[in-house]
Protein chains: 2
Amino acid sequence: MRMTHQRQMILDVLKKDYQPKSADMILHLIHDPKLNLSTVYRTLDAFFNVGILSKSTIDNINYYYVTDHKHHHYMVCTQCKKMFPIDCHLDEIAKDVAEKHEFKITHHDMTIYGICKECQLKM
Amino acid sequence: MRMTHQRQMILDVLKKDYQPKSADMILHLIHDPKLNLSTVYRTLDAFFNVGILSKSTIDNINYYYVTDHKHHHYMVCTQCKKMFPIDCHLDEIAKDVAEKHEFKITHHDMTIYGICKECQLKM
DNA sequence: GTACATGCAAATATTTTGCAAAGAC
DNA sequence: GTCTTTGCAAAATATTTGCATGTAC
């Protein structure tokens, strides 16, 4: 897997604040006109397959975020779409079930949906 | 919320085996030519909003399944797409985090991806 | 130099929507 | 009878793909 300028830019943006981002968000955050949306999609998919990125789908849009060692997930506000990181406590649970079914886990995704403090006040 | 013939058919199909199903799968399982795909989508969305159904997204396709009291999630095989139900152990974890952030949880989703026993043998 | 990555444009596929007709309560 | 739901067809939108060109190693 080659590290190109485009791939580096995409990774940099995702590492800037570790907030999950869609392909479109990434394209707009990187102003470079040399970057194409297809490339963003292809890069995100490639990184995801290698394990560098994790993915969550919200309202049929895929959001990607850096998979760090302290593996975590997100709690997302369905109003303002802001995401709050939460630690992952799933590894033991998942491992047990997987062993029972002889299922080879590649990755997992967890998302909690709700309304954040700010949006609750606005209602 | 009115219980129409279409809605009843959709719910019946989902309750038949409790396996997650996409709108398209549901349409094909119900042979009735009087059922339209739009209706399936609208019904699934309506049921989801009321809480009767839960949803998981795999490869950009939404799968819906009946939300039962013994709340559970799925472990999905990325090869054959078969899904294995697993119990949910998340409620306490989620509650703690939510309280800390004053986040009002509406629902959550968890999916474990991997390769099932059968597909491993085929490789 | 070669194999992989990108840009561009066009295609895919799922999901959504507007509106008139039908149906539930 | 009223208000919700449906069917149909058309639109919206995220994502994918083919192919020629460019670029990392």
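Given the structure is predicted, the values throughout are model-derived calculations rather than measurements. What's counted below: heavy atoms across the whole structure, side chains too, no hydrogens, waters or symmetry copies. A, B, ... follow the sequence lines: proteins, then strands. Residue 1 opens every chain.
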Item checked: Whole-Å distance separating the CG atom of A:Asp32 from the C1' atom of C:dT6 -> 12 Å

Next item on the list: Measure from CG on A:Leu37 to C1' on C:dA5 and round the result to the nearest Å.
Entry: 16 Å

Next item on the list: Figure out the CG/P separation between A:Leu27 and D:dT16, and round it to whole Å.
Entry: 15 Å

Note to self: Other residues, nucleotides and ligands only: do more than 12 of their heavy atoms fall within 6.0 Å of NZ on A:Lys55?
What the structure shows: yes

Notebook entry, point to check: So which heavy atom on B:Gly51 is nearest to which on B:Thr67, and how close?
Noted result: O-OG1, 3.1 Å

Next item on the list: Indicate the atoms forming the closest heavy-atom contact of A:Leu27 with A:Leu37, along with that distance.
Entry: CD1-N, 4.0 Å

Next item on the list: Could you please spell out the steps behind the side chain to side chain contact (heavy atoms under 4.5 Å, CB included) verdict for B:Ile115 and A:Phe103?
Entry: CA-CA 6 Å; B:Ile115 301 167; A:Phe103 191 91; over 6 Å; no

Checklist line | Nucleic acid contacts of residues 2-13 of chain B, taken as heavy-atom distances under 4.0 Å to DNA chain D | finding: B:Arg2, B:Thr4, B:Gln6, B:Arg7

Item checked: Working for side chain to side chain contact (heavy atoms under 4.5 Å, CB included), residues B:Lys117 and A:Lys104 -> CA-CA 8 Å; B:Lys117 195 180 171 183; A:Lys104 195 172 160 190; over 6 Å; no

Note to self: Restricting to non-hydrogen atoms, name the atom on B:Tyr65 and the atom on B:Ser56 that form the minimum distance, rounded to 0.1 Å.
What the structure shows: CE2-OG, 3.8 Å

Notebook entry, point to check: Whole Å only: how far is the NZ atom of A:Lys55 from the C1' atom of D:dT15?
Noted result: 11 Å

Note to self: Check this one for me: any side-chain N or O of A:Tyr41 less than 4.0 Å away from OP1 or OP2 of D:dT15?
What the structure shows: yes

Margin query: Determine whether B:Val40 and B:Leu44 satisfy the following criterion, side chain to side chain contact (heavy atoms under 4.5 Å, CB included), listing intermediate values before the conclusion.
Written below: CA-CA 6 Å; B:Val40 179; B:Leu44 292 175; 3.8 Å; yes

Check: Nearest-Å distance, CG (A:Asn49) to C1' (D:dT15)?
Finding: 15 Å

Next item on the list: Answer whether the closest heavy-atom distance between the side chains of A:Asp32 and A:Gln6 falls below 4.5 Å.
Entry: no

Item checked: Length of the line joining A:Met1:CE and C:dC4:P, which is rounded to integer Å -> 13 Å

Margin query: Does the protein touch nucleotides 8-13 of chain C at the base, only the backbone, or not at all? Give it as B, S and - per nucleotide, heavy atoms under 4.0 Å.
Written below: BB----

Next item on the list: Just call it for B:Asp45: base, sugar-phosphate, or nothing, with non-hydrogen atoms closer than 4.0 Å on any strand.
Entry: nothing

Check: For B:Asn62 and C:dT15, is the shortest distance between a side-chain N/O and OP1 or OP2 below 4.0 Å?
Finding: yes

Item checked: Rounded interatomic separation in angstrom, taking CG from B:Asp59 and C1' from C:dT15 -> 16 Å

Check: Under the ring pair (Phe, Tyr, Trp, His ring centres under 6.0 Å) test, which residues partner A:Tyr18, sequence neighbours left out?
Finding: none

Item checked: Rounded interatomic separation in angstrom, taking CD1 from B:Ile58 and P from C:dT14 -> 14 Å

Notebook entry, point to check: 5'-most contact on DNA chain C: A:Thr43 or B:Ala23, nearest heavy atom basis?
Noted result: A:Thr43

Check: Heavy atoms under 4.0 Å, any strand shown: does A:Asp24 hit a base, just sugar-phosphate, or nothing?
Finding: nothing

